[in-house]
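Accompanying notes for the structure given below.
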Amino acid sequence: LKGTISILPKYEEGKVVYDSLFKVIDRGIAYLNLPYNSINANPSAADIYFKGDKTKWIKFANTLKLRMLTRISDVPDRAAFVTSEMAKFTSTSFLGAGENVLSNPGYLRTAGKLNQFYEFYGYSASDARAGSHDFYCYSKFFIDFLNNSFDPRIDRYAYKPTGGGGHVGVPFGEGGDVYIYTKVSGFGPAFIPQDADVKSSDLFNRPQVIMTSAESFFLQAEAVQRGKLVSTQTAQQLYQAGIVESFSLLGVPNASASAATYYTQPLDNVDFVTSANKLTAIRTQKWLALTNYSGFEAWTEYRRTGVPAVPLSTKALGTKQPKRLLYPLSEYSGNTINVNQQGTINQFDSKIFWAN
């Protein structure tokens, strides 16, 4: 970001970057703890997240910090740091029920000013299907999991094919006429309306989800289950609260009661008590709750934990899932010396320092 002053930036180790990010968050929290006054004025409506609510900003910062601490919790030389940072939290430090982090600068039914998800996957300002509307759908792995666990969220996540029948997902790597849009499950009513309902829909101006309270509860549940966080709630209570928040955000009718009916089924990775591995249950439900809200975070958690056991694409070469992104070709052509100092990068074997 220094322009022509530094056109060949050197690379820093991931651990160094993470250490610096913790310091940035702490500095932000310190600023947020300063009182509003004539110089430090309340931003109110100019704050497109919390309208100047500093308490929620601090909870967001702490929850983001909890995510990062969870990420590095299995790195041996960071154990003492994780323990000391976790000890600073209380049960009210994090995003709670209904405290999703939502961004809304004031979306309008005007080209380039609609909710970005809606405009890309849904409909244009003139109510025409977006270019990508018919090209994205759910995997068979995801749909099968929801079906097999009798999960009512499926009807909020996905539409059934227009030709009738139940929800249909696509095996990773497959395509062709058998899986065209009308024959599979695309984004459901929680995300885009059907053609007949576009004009009356308010989805175009709904806020973008930056972080969910469901994720907050699942992060707390894992930390409590592993004995890294002290809370007034048990891991089971936090786990169930995460599921309730997921149901609520998706707009499942009677969210709390529906969630309770769901998570008390004696099924592995659904009912906390029944589940053979409590951490796997927590991570599986977090994966479900992140769907369509934070796919990159879900992939990052998969790299950390291996949960869920996602099958390989039918077109995969080899037997390994990708574990990292590659540096762009522009780095190899424009910053050759520095990027080559990172050695040979393989997307399957060159893991980030916290990866499983």
Side-chain angles (χ1 to χ4, degrees), residues 20-71 85-108 113-118 190-191 202-224 229-233 237-252 255-256 259 286 289-294 296-297:
S20 69
L21 292 177
F22 281 112
K23 294 175 183 177
V24 169
I25 293 176
D26 285 341
R27 192 180 312 131
I29 292 173
Y31 286 135
L32 288 165
N33 277 318
L34 296 175
Y36 285 135
N37 52 43
S38 59
I39 297 174
N40 181 35
N42 187 331
S44 58
D47 173 6
I48 64 174
Y49 293 91
F50 299 121
K51 309 303 180 188
D53 188 329
K54 293 195 295 182
T55 298
K56 288 184 179 178
W57 268 110
I58 293 172
K59 286 184 176 183
F60 178 27
N62 284 329
T63 308
L64 185 60
K65 196 171 180 181
L66 177 61
R67 178 198 277 178
M68 292 176 61
L69 290 168
T70 302
R71 184 76 29 84
E85 291 298 306
M86 288 285 194
K88 298 176 183 178
F89 296 133
T90 69
S91 297
T92 59
S93 294
F94 312 109
L95 295 169
E99 293 181 332
N100 301 292
V101 183
L102 308 175
S103 168
N104 195 330
Y107 296 118
L108 303 171
K113 296 183 179 181
L114 289 80
N115 170 298
Q116 296 98 319
F117 184 98
Y118 179 93
F191 304 99
D202 68 345
L203 289 174
F204 77 91
N205 66 359
R206 287 190 184 179
Q208 289 284 85
V209 176
I210 306 301
M211 192 176 200
T212 68
S213 54
E215 182 184 355
S216 172
F217 281 115
F218 289 127
L219 287 167
Q220 294 174 67
E222 174 170 337
V224 170
L229 177 69
V230 176
S231 174
T232 57
Q233 294 181 283
Q237 290 172 324
L238 292 163
Y239 168 86
Q240 292 172 345
I243 295 175
V244 170
E245 287 302 297
S246 174
F247 274 55
S248 179
L249 183 60
L250 286 166
V252 176
S256 295
K286 179 161 65 171
L290 289 170
T291 301
N292 290 353
Y293 296 116
S294 189
F296 192 87
E297 183 64 20

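Keep in mind the model is a prediction, meaning the values are calculated, not measured. As a basis for the values below, the full set of heavy atoms in this structure was taken, side chains included, without hydrogen atoms, waters or symmetry mates.
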Quick check: closest heavy atoms across [X] and [Y], and the distance to 0.1 Å?
X	Y	result
S231	V224	CB-CG2, 3.7 Å
E245	S213	OE1-OG, 2.6 Å
S91	T232	OG-N, 2.8 Å
Y107	F204	CB-O, 3.6 Å
M86	A223	CE-CB, 4.1 Å
S216	L66	O-CD2, 4.5 Å

Check against side-chain contact (heavy atoms from CB on, under 4.5 Å), Q240 and V244: CA-CA 6 Å; Q240 292 172 345; V244 170; 5.6 Å; no
Criterion side-chain contact (heavy atoms from CB on, under 4.5 Å) on Y118 and N205, from CA distance to verdict: CA-CA 9 Å; Y118 179 93; N205 66 359; over 6 Å; no
Over 12 foreign heavy atoms within 6.0 Å of NZ, K113: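 12 or below, so no.
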With rounding to the nearest 0.5 Å, note down the distance linking [atom1] in [X] to [atom2] in [Y].
X	Y	atom1	atom2	result
K56	F50	NZ	CZ	7.0 Å
E99	F217	CD	CZ	8.0 Å
F89	T63	CZ	OG1	8.0 Å
M211	L290	CE	CG	9.0 Å
F94	K65	CZ	NZ	9.5 Å
L219	E215	CG	CD	5.0 Å

Trace of the side-chain contact (heavy atoms from CB on, under 4.5 Å) decision for I243 with Y239: CA-CA 7 Å; I243 295 175; Y239 168 86; 3.7 Å; yes
Any pair counted as salt bridge (Lys or Arg N to Asp or Glu O under 4.0 Å), so long as it reaches residues 40-49, sequence neighbours left out: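 Found none.
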Output field: ring centroids F117/Y293 closer than 6.0 Å: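 No - the distance between ring centres of F117 and Y293 does not fall below the 6.0 Å cut-off.
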Modelled atom types, side-chain donor and acceptor of T90 and S93, under 3.5 Å: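 Short answer, yes.
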Residues N100, T212; criterion side-chain hydrogen bond (donor to acceptor under 3.5 Å, both in side chains); working and verdict: CA-CA 4 Å; N100 301 292; T212 68; 4.9 Å; no
E222 bridged to R67 by N-O distance under 4.0 Å: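 Salt bridge: no.
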Which atom pairs, donor and acceptor, lie under 3.5 Å between side-chain atoms of residues 30-39 and protein residues at least two apart or in another chain?
{"unit_1": "N33", "atom_1": "ND2", "unit_2": "I29", "atom_2": "O", "d": "3.2"}
{"unit_1": "Y36", "atom_1": "OH", "unit_2": "G52", "atom_2": "O", "d": "2.8"}
{"unit_1": "N37", "atom_1": "OD1", "unit_2": "I39", "atom_2": "N", "d": "2.9"}
{"unit_1": "N37", "atom_1": "OD1", "unit_2": "N40", "atom_2": "N", "d": "2.6"}

Under 3.5 Å: donor-acceptor pair, side chain of Q208, backbone of L102: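 No, the answer is negative, given that no donor and acceptor are paired below the 3.5 Å cut-off.
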